Visitor: 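Okay, handing you the structure first.
On a predicted model such as this, the values are computed, not experimentally measured, just so you know.
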Amino acid sequence: QVQLVESGGGLVQPGESLRLSCAASGTMFRRNDMGWYRQAPGKQRELVAGVTRDGTPNYTDSVKGRFTISRDNVKMTVDLQMNSLSPEDTAVYYCNTRNMARLGHWGQGTQVTVSS
C-alpha cells in the first residue's frame, strides 16, 4: 500500500514557477510507476507527467519543455517543477500511482491557480 500527500500549490502570476511535492509512505513505493495529474473545472482529469519506477519521465505535449517530474526513491517523493505557468495550467493537481489512478482512487490534491 502507498499513501500520498500533495503539497506546494498556490496562486502565482503567469510566467512564474511552482514546485509541487508528493510525499509517499508504504513499502512498495519503488515498484510503482508514478504520475502527476490535473483536473481543471469542466475538464477531464489528465496525466500531466509520469515517471516510471526506473526514473524515466514522460509528459503531455502541453507541458513538455516547461514541467519536469522527478522521483527520489530514498526520500519517497515525487516532485513536479512547473515553469512558465499560464492560466491554462490552473487546476487541482494530484499525485498518484498509475495503478491507483486506473482504479479511480484519488487523494485531496493541491490547487494551482495561475492568474494576473
Visitor: Please report the shortest heavy-atom distance between Glu6 and Thr110, naming the atom on each side.
Guide: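 Heavy-atom minimum between the residues: CB-CG2, 4.1 Å.
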Visitor: Give me the atom names and distance for the closest heavy-atom approach of Ser17 to Gln81.
Guide: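 So the two residues come closest at CB-NE2, 3.9 Å.
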Visitor: How about Trp36 and Phe67: are their ring centroids closer than 6.0 Å?
Guide: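 Not close enough - the centres of the two rings lie 6.0 Å or further apart.
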Visitor: So how far is it from Cys95 SG to Met100 CE, rounded to the nearest 0.5 Å?
Guide: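 Atom-to-atom, Cys95:SG and Met100:CE are 12.0 Å apart.
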Visitor: Check whether any side-chain heavy atom of Pro87 lies under 4.5 Å from a side-chain heavy atom of Ser115, and answer yes or no.
Guide: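 With C-beta onward as the side chain, the pair stays apart.
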Visitor: Measure across Ala40 and Ala91 and return the closest heavy-atom pair with its distance rounded to 0.1 Å.
Guide: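 Where Ala40 meets Ala91 most closely, the heavy atoms are N-CB, 3.7 Å.
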Visitor: State whether a side-chain donor-acceptor pair under 3.5 Å links Thr113 with Gln111.
Guide: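 Judged by distance alone, the side chains do pair up.
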Visitor: Does any donor atom in the side chain of Thr77 or Asp72 lie under 3.5 Å from an acceptor atom in the other side chain?
Guide: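 Thr77 vs Asp72: no donor-acceptor pair found between side chains.
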Visitor: Could you give the distance from CG (Leu18) to CG (Leu85), rounded to the nearest 0.5 Å?
Guide: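 Here the rounded value is 5.5 Å.
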Visitor: Tyr59 and Tyr37: same hydrophobic cluster, using ILVMFWY side-chain contacts below 4.5 Å?
Guide: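 Not linked; separate clusters.
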Visitor: Quick check on Arg31: does its CZ atom have over 12 non-hydrogen neighbours (other residues, nucleotides or ligands) under 6.0 Å away?
Guide: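 No, CZ of Arg31 has 12 or fewer neighbouring heavy atoms, counting only those of other groups under 6.0 Å.
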Visitor: Identify which one of Val63, Leu20, Asn58, Val78 satisfies the side-chain contact (heavy atoms from CB on, under 4.5 Å) criterion when paired with Ile69.
Guide: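 In the set Val63, Leu20, Asn58, Val78, the residue that makes a side-chain contact (heavy atoms from CB on, under 4.5 Å) with Ile69 is Val78.
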Visitor: When clusters are formed by joining ILVMFWY residues with side-chain heavy atoms under 4.5 Å apart, either directly or through shared neighbours, do Met82 and Leu47 land in the same one?
Guide: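 No.
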Visitor: According to salt bridge (charged side-chain N to carboxylate O under 4.0 Å, His left out), who are the partners of Arg38, at least two apart in sequence or on a separate chain?
Guide: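 For Arg38, the residues satisfying salt bridge (charged side-chain N to carboxylate O under 4.0 Å, His left out) (neighbours in sequence not counted) are Glu46, Asp89.
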Visitor: Is it the case that Arg71 places NZ or CZ above or below the six-membered ring of Phe29, under 6.0 angstrom from the centre and within 45 degrees of the axis?
Guide: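 Yes; both conditions hold, so Arg71 lies above the ring face of Phe29.
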Visitor: What heavy-atom pair brings Gly109 and Tyr94 nearest, and what distance separates the two atoms?
Guide: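 Minimum heavy-atom contact is CA-CD2, 3.6 Å.
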Visitor: Rounded to the nearest 0.5 Å, how far does CG of Leu11 lie from OG1 of Thr90?
Guide: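 Taking OG1 in Thr90 and CG in Leu11, the distance rounds to 8.5 Å.
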Visitor: Would a single hydrophobic cluster contain both Leu80 and Val2, if residues Ile, Leu, Val, Met, Phe, Trp and Tyr are joined by side-chain heavy-atom contacts under 4.5 Å?
Guide: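 Same cluster.
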Visitor: Do you know the tightest heavy-atom contact between Ser86 and Arg66?
Guide: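 Ser86 and Arg66 have their closest heavy atoms at N-NH1, 4.3 Å.
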Visitor: In terms of hydrophobic clustering (I, L, V, M, F, W, Y; side-chain heavy atoms under 4.5 Å; direct or indirect links), are Leu4 and Val48 co-clustered?
Guide: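 Linked, Leu4 and Val48 end up in one cluster.
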Visitor: State whether the side chain of Asn73 and the backbone N or O of Arg30 hold a donor-acceptor pair below 3.5 Å, judged by distance alone.
Guide: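 No, Asn73 side chain to Arg30 backbone: no donor-acceptor pair under 3.5 Å.
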Visitor: Find the distance between CG (Asn96) and CZ (Arg45) and round it off to the nearest 0.5 Å.
Guide: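 The CG atom of Asn96 sits 8.5 Å away from the CZ atom of Arg45.
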Visitor: Could you go through the side-chain contact (heavy atoms from CB on, under 4.5 Å) check for Asp79 and Arg19 one step at a time?
Guide: CA-CA 7 Å; Asp79 288 359; Arg19 188 175 183 89; 3.2 Å; yes
